[in-house]
J.: 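Input: one structure, supplied below.
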Amino acid sequence: MGDRFQGLDPAAFRSALARFPSGVTIVTTRSASGTLHGFTASSFAALSLDPPLVLVCLDRGADCSPVFMAAERFVVNIVTPAHAELAIKFATKGENKFAYGAFEFNESGHPLLPDAAAVIHCDLEHVVPGGDHVILIGRVHDARTGSGKPVTWYRGGFLHLGESAA
């Protein structure tokens with residue numbers, strides 16, 4: 001899988017990464033058999049404007065990892081404070097994740113959150129290995145914005161924009 005920490009304290013590494021606030025997304029897809037799948041990701045970024053590409057990182061050990069690596073399309077939902085509990089559900093193994101949210105479906109039948117801060121529809125362009133994760137690179141074919149503000153993840157908890165960090 002790659003080099004282990006080689007002298008780096010894993011707890012110190014996690015603690016350092018927790019000091020970087022990041023956005024929170026719920027990424028969804030529909031398998032070839034029609035089953036809905038999703039996960040929460042804070043490792044999401046724009047990759048390119050031309051062509052329009054984004055990336056999101058997925059733990060190789062996630063139950064949905066094989067489905068996303070084989071998916072033709074996926075949807076990135078940028079989470080608002082109203083979705084914080086739902087984001088926790090999507091970060092939990094074994095949960096019936098879609099039982100908790102008010103999802104709608106796009107023309108391809110992929111689930112999306114209609115009240116998300118933004119919804120980005122992607123075709124899977126590449127899957128790149130990255131240690132214990134894979135990097136899903138998506139070519140954006142549609143994007144829309146909502147009226148809500150995004151929520152961030154900081155030091156193991158949600159931080160709403162405009163709040164003071166501890």
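Because the structure is a prediction, the values reported are computed rather than measured. Values below: all heavy atoms of this structure, side chains included; hydrogens, waters and symmetry mates excluded. Note that the numbering runs from 1 along the sequence shown for the chain.
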J.: Mind listing the closest non-hydrogen atom pair of Pro150 and Ala117 along with its distance?
T.: N-CB, 4.1 Å
J.: Show which residues join Phe44 in its hydrophobic cluster (side-chain heavy-atom contacts under 4.5 Å, direct or indirect), or state none.
T.: Val27, Phe39, Val54, Val56, Leu58, Phe68, Met69, Phe74, Val76, Ile78, Ile120, Leu124, Val127, Val134, Leu136, Val140
J.: Measuring from atom CG of Leu47 to atom NE2 of His126, what distance do you get when rounded to the nearest 0.5 angstrom?
T.: 9.5 Å
J.: Identify the heavy atoms of Cys57 and Ala41 that sit nearest to each other, and give their distance.
T.: O-CB, 4.0 Å
J.: For Val24 versus Ala87, what's the shortest heavy-atom pair and its separation?
T.: CG1-CB, 4.0 Å
J.: With rounding to the nearest 0.5 angstrom, report the CZ to NE2 distance, Arg30 to His110.
T.: 7.5 Å
J.: Any pair with a residue in residues 34-50 that passes side chain to side chain donor-acceptor pair (under 3.5 Å), sequence neighbours left out, goes on the list, sorted by first then second residue, please.
T.: Ser33-Thr35
J.: Just so I know, are the side chains of Thr28 and Leu36 near enough to count as touching, which here means a heavy-atom distance under 4.5 Å?
T.: no
J.: Let me check something: do Val79 and Ile88 share a hydrophobic cluster, defined by ILVMFWY side-chain heavy atoms less than 4.5 Å apart, either directly or through other members?
T.: yes
J.: Just jot down the side chain to side chain donor-acceptor pair (under 3.5 Å) partners of Asp115, sequence neighbours excluded, or say none.
T.: His83
J.: Under the side chain to side chain contact (heavy atoms under 4.5 Å, CB included) rule, collect the residues that match up with Glu104, sequence neighbours excluded.
T.: Leu112, Pro114
J.: Looking at OG1 of Thr29 and CD of Glu72, how far apart are the two atoms once the value is rounded to the nearest 0.5 Å?
T.: 9.0 Å
J.: Can you list, pair by pair, the side-chain donor-acceptor contacts under 3.5 Å of residues 11-21, counting residues two or more places apart and other chains?
T.:
unit_1: Ser15; atom_1: OG; unit_2: Arg19; atom_2: NH1; d: 3.3
unit_1: Arg19; atom_1: NH1; unit_2: Ser15; atom_2: O; d: 3.3

J.: Rounded at 0.5 Å granularity, tell me how far CG in Asn77 sits from NE2 in His121.
T.: 8.0 Å
J.: Identify whether Leu113 and Val151 are in the same connected component of the hydrophobic contact network (ILVMFWY, side-chain heavy atoms under 4.5 Å).
T.: yes
J.: Going by the side chain to side chain donor-acceptor pair (under 3.5 Å) test, which pairs reach into residues 137-153, not counting sequence neighbours?
T.: Glu125-Arg139
J.: Judged by atom type as modelled, is there a donor-acceptor pair below 3.5 Å linking the side chain of Lys97 to the main-chain atoms of Gly38?
T.: yes
J.: Give me the atom names and distance for the closest heavy-atom approach of Arg60 to Pro129.
T.: NH2-CB, 2.9 Å
J.: At their closest point, which heavy atom of Val119 faces which heavy atom of Ala116, and how far apart are they?
T.: CG2-CB, 3.9 Å
J.: Does some side-chain heavy atom of Leu86 sit less than 4.5 Å from a side-chain heavy atom of Phe103?
T.: yes
